[in-house]
Amino acid sequence: MLEHAWLILALPLAGVAGNIFLGGRLGRRFVSALSCGVVGLSFVVSVACFLELLAMQPAQRHFERHIFTWFLSGSFKVEGTLLLDPLSVLMTLVVSGVAFLIHVYSTGYMAGDSGYRRYFTYLNLFTFSMLTLVLGGNFLVLYVGWEAVGLCSYLLIGFWFQKKPAADAGRKAFIVNRIGDFGFALGILLIFRTFGTLEFGEVFSGAERLFPSGSTLITGIALLLFAGATGKSAQIPLYTWLPDAMEGPTPVSALIHAATMVTAGVYMVARCSALFVLSPLALAVVAIVGLATAVYAASIGLVQNDLKRVLAYSTISQLGYMFLACGVGAFAVGIFHLMTHAFFKALLFLVAGAVIHALAGEQDITKMGGLRSKLPVSYWSFLIAALAIAGVFPFAGFFSKDEILWETLLRRGPLVWALGAVGALMTAFYMFRLLFLVFHGTARHEGHVHAPPFSIKLPLVCLAVLSAVGGLVGAPLLFGRHFVKEFLSPVFRHVNGHVAAGTHEAGAGHFVVSELSMAVVSVSIAVLGIVLAYRFYVISPDVPQRLKERFARLYSILFNKYYVDEIYDTLFVRPLVSFATALWRHVDALIIDGAVNGSAFLVETASKVSRRLQTGGVQNYALSIVVGAIAILAFWLLR
């Protein structure tokens, strides 16, 4: 099946073409069946490729499918190549599988929207773009997918472009990502300048062969690539676009946050691990930015009242944990958390969409409550997802987040671990704050609660199962094997030679006891966060208001997101707008337009003067001939 891996990309692209050329004539049923069907088949092909790779020996799990020759200029050659190895195939499973469930969900959620066909065209294109990114066999193909997901996010975030907030959010996402992408493009150019190729294998082997650890050039390349990751994966300082992206349809939020755009940066860093491990400074930057983002975004999520924005800051925080894992050299663990996060974060957003759909568009959690009995499938799904993201055993998030904290303790020490644990505590608190305010207590909303259709309920149930048991593939204390790390080991085989294994090299008994004890600590932290949320929002719901009044300044800072948007607006946006306005007035309007308009004025004036000579009178023409003849004669006589 590996020979036919191109179908993983071709099928969603066929959905785009079918929706454009046939969707208008064949109607919504055709659009629904085509859009969901092509992504579902793409997932089936991904599963077949995964099984074929799994049957091979670990060292042989590397397959490149040449599609076409893209560039050929002298010695420079770029192939349109698909790379199928454990990392790319695992990513295709996550992307196509979660995307399929979101497509199915969308058929119910977007049923009454006038832009139904346009929506599914964009959604298919988004899936195709992300799959191109993860399957690309070189930096140029990866970059095409990288930029394509940026375009699709702009189209989908601003899908309801008639609304100014949605249009503004789409532009913000596009512009902020251009900043990171500029650094990413420079990194790719520096790679080509250094190695003379953009092929992954040649670049990574050349880096390890030619450059020592700590090389300034490799550090520069790694930091430029990571600049792109901070934009795509919404890390400090380029995270501000992601909360505003909630203006798009909720299924789009689920797709962006769970399986596509924001995971691109994590995937890219993991794919380029051979470069990052050669630069301790770059790894430290990745870890510091990831940890800072994880704690920072979690603190903002504590007090937000918009249901989708809380989940957005949760995504930013969880992405921080993935980068923390990569920064400490545990790349496989970061990808493992990416996988489990895709399950429970997609579930959280789809439940949020079901709640918003049921309440006719309401997103303010202070106006909800009492939905547990009215939306039982949504409630139990949200509970499972909340337990998973909080890190409660045996749900999916426990295994991946606990392992990140464990690897952090081993490789960076107790202080960094403690900061990560604080973020985990806040995560458990704000997720169960959402659960209790939305589903428990008395109803604070008006109007009828609309029951979701089957097309919405089915993806919730599937994702709830994955959120509950999906982490078991990374449970060595239960099964004696970490299936995800074993599967990914050929991709990251070079990492252990550069990143110290820490206490993993200690005796097996010490290792088991240590990790088991830290797992108990992690669960205890999660339970503490849940208990605090229950105490504040169920037993004594007046406590949050009293704390808000007592710590009014701190609350204001958190509620206003540390005023970062306002700071950016003052330092960057307004000066740039003023500068652009000045350029328009003094350069564009005065000089450029002045030159063009002045040329037109001169031509017009000259034509008016010359037009007077063309009177149509024979006498005037005769007089002109005589005057001209006299002038010529005088010239020759007086020479």
Side-chain angles (χ1 to χ4, degrees), residues 5-6 8-9 12-13 46 62-71 76-96 125-153 177-178 180-207 221-233 259-276 282 286 322-323 326 331 334-335 338 488 491-492:
W6 56 270
I8 299 173
L9 299 178
L13 191 60
S46 299
H62 183 99
F63 177 82
E64 293 188 15
R65 178 69 165 88
H66 173 76
I67 306 297
F68 61 93
T69 298
W70 193 350
F71 287 110
F76 177 51
K77 184 178 182 181
V78 176
E79 303 282 357
T81 303
L82 303 183
L83 170 62
L84 289 105
D85 66 357
L87 178 58
S88 62
V89 169
L90 181 62
M91 288 296 296
T92 60
L93 288 174
V94 172
V95 174
S96 58
L125 184 61
F126 203 0
T127 306
F128 164 78
S129 301
M130 187 63 189
L131 290 170
T132 300
L133 189 157
V134 301
L135 285 174
N138 56 60
F139 281 98
L140 195 56
V141 178
L142 183 151
Y143 186 72
V144 169
W146 187 275
E147 292 300 328
V149 294
L151 169 64
C152 293
S153 68
N177 271 275
R178 297 287 70 71
D181 290 356
F182 179 69
F184 185 59
L186 289 179
I188 292 177
L189 290 174
L190 188 55
I191 286 172
F192 174 69
R193 178 68 179 82
T194 303
F195 299 99
T197 181
L198 295 176
E199 300 297 322
F200 288 145
E202 295 178 28
V203 170
F204 299 153
S205 62
I221 291 172
L223 291 177
L224 285 171
L225 294 178
F226 183 61
T230 61
K232 276 290 181 290
S233 294
T260 54
M261 184 168 171
V262 298
T263 63
V266 180
Y267 165 78
M268 184 273 293
V269 171
R271 173 60 70 193
C272 299
S273 58
L275 298 176
F276 280 89
V286 173
M322 297 175 206
F323 281 112
C326 293
F331 295 96
I335 295 298
L338 184 155
L488 293 175
V491 181
F492 303 121

Spatial distance of atom OG1 (T260) from atom CZ (F126) [nearest 0.5 Å]
3.5 Å

Spacing of L142 atom CG and F139 atom CZ [to the nearest 0.5 Å]
7.5 Å

When you compare the side chain of L135 with that of L84, does any pair of heavy atoms fall below 4.5 Å?
yes

First locate atom CZ of F68, then atom CD of E79, and finally report the distance between them rounded to the nearest 0.5 Å.
9.0 Å

Of all heavy-atom pairs between L131 and P12, which one has the smallest distance, and what is that distance?
CD1-CG, 4.1 Å

Kindly say whether V141 contributes a backbone atom to a donor-acceptor pair with the side chain of N138 at under 3.5 angstrom?
yes

On a heavy-atom basis, which atom in L13 and which in F128 lie closest, and how many Å separate them?
CB-CD1, 3.9 Å

Let's go through E64 and H66 carefully: what are the C-alpha distance in whole Å and the side-chain angles of both, what is the deciding distance for side chain to side chain donor-acceptor pair (under 3.5 Å) to 0.1 Å, and is it a yes or a no?
CA-CA 6 Å; E64 293 188 15; H66 173 76; over 6 Å; no

Closest heavy-atom pair and its distance - V491, P86
CG2-CD, 3.9 Å

Could you tell me which non-hydrogen atom of K232 sits nearest to which non-hydrogen atom of W146, and how far apart they are?
CE-O, 3.0 Å

Please confirm whether the backbone N or O of T230 pairs with a side-chain atom of S233, one donor and one acceptor, at under 3.5 Å?
no

What's the separation between atom CZ in R65 and atom CG in L83, rounded to the nearest 0.5 Å?
13.5 Å

Measure across M91 and M130 and return the closest heavy-atom pair with its distance rounded to 0.1 Å.
CE-CE, 4.3 Å

Could you check whether any side-chain heavy atom of V144 comes within less than 4.5 Å of a side-chain heavy atom of W70, counting everything from C-beta outward?
yes

Out of curiosity, L140 CG to T197 OG1, how far, rounded to the nearest 0.5 Å?
10.5 Å

Nearest-0.5 Å distance that lies between atom CG in L186 and atom CG in L223
12.5 Å

side-chain contact (heavy atoms from CB on, under 4.5 Å) assessment of F184 paired with L225
CA-CA 5 Å; F184 185 59; L225 294 178; 3.6 Å; yes

What residue among D85, V134, V266, I335 forms side chain to side chain contact (heavy atoms under 4.5 Å, CB included) with R271?
D85

Mind checking whether L87 and Y267 have side chains closer than 4.5 Å, heavy atoms only?
yes

Looking at every heavy atom in both V269 and F323, which two are closest together, and how far apart are they?
CG2-CE2, 3.8 Å

4.5 Å side-chain heavy-atom contact, L82 and L9
yes

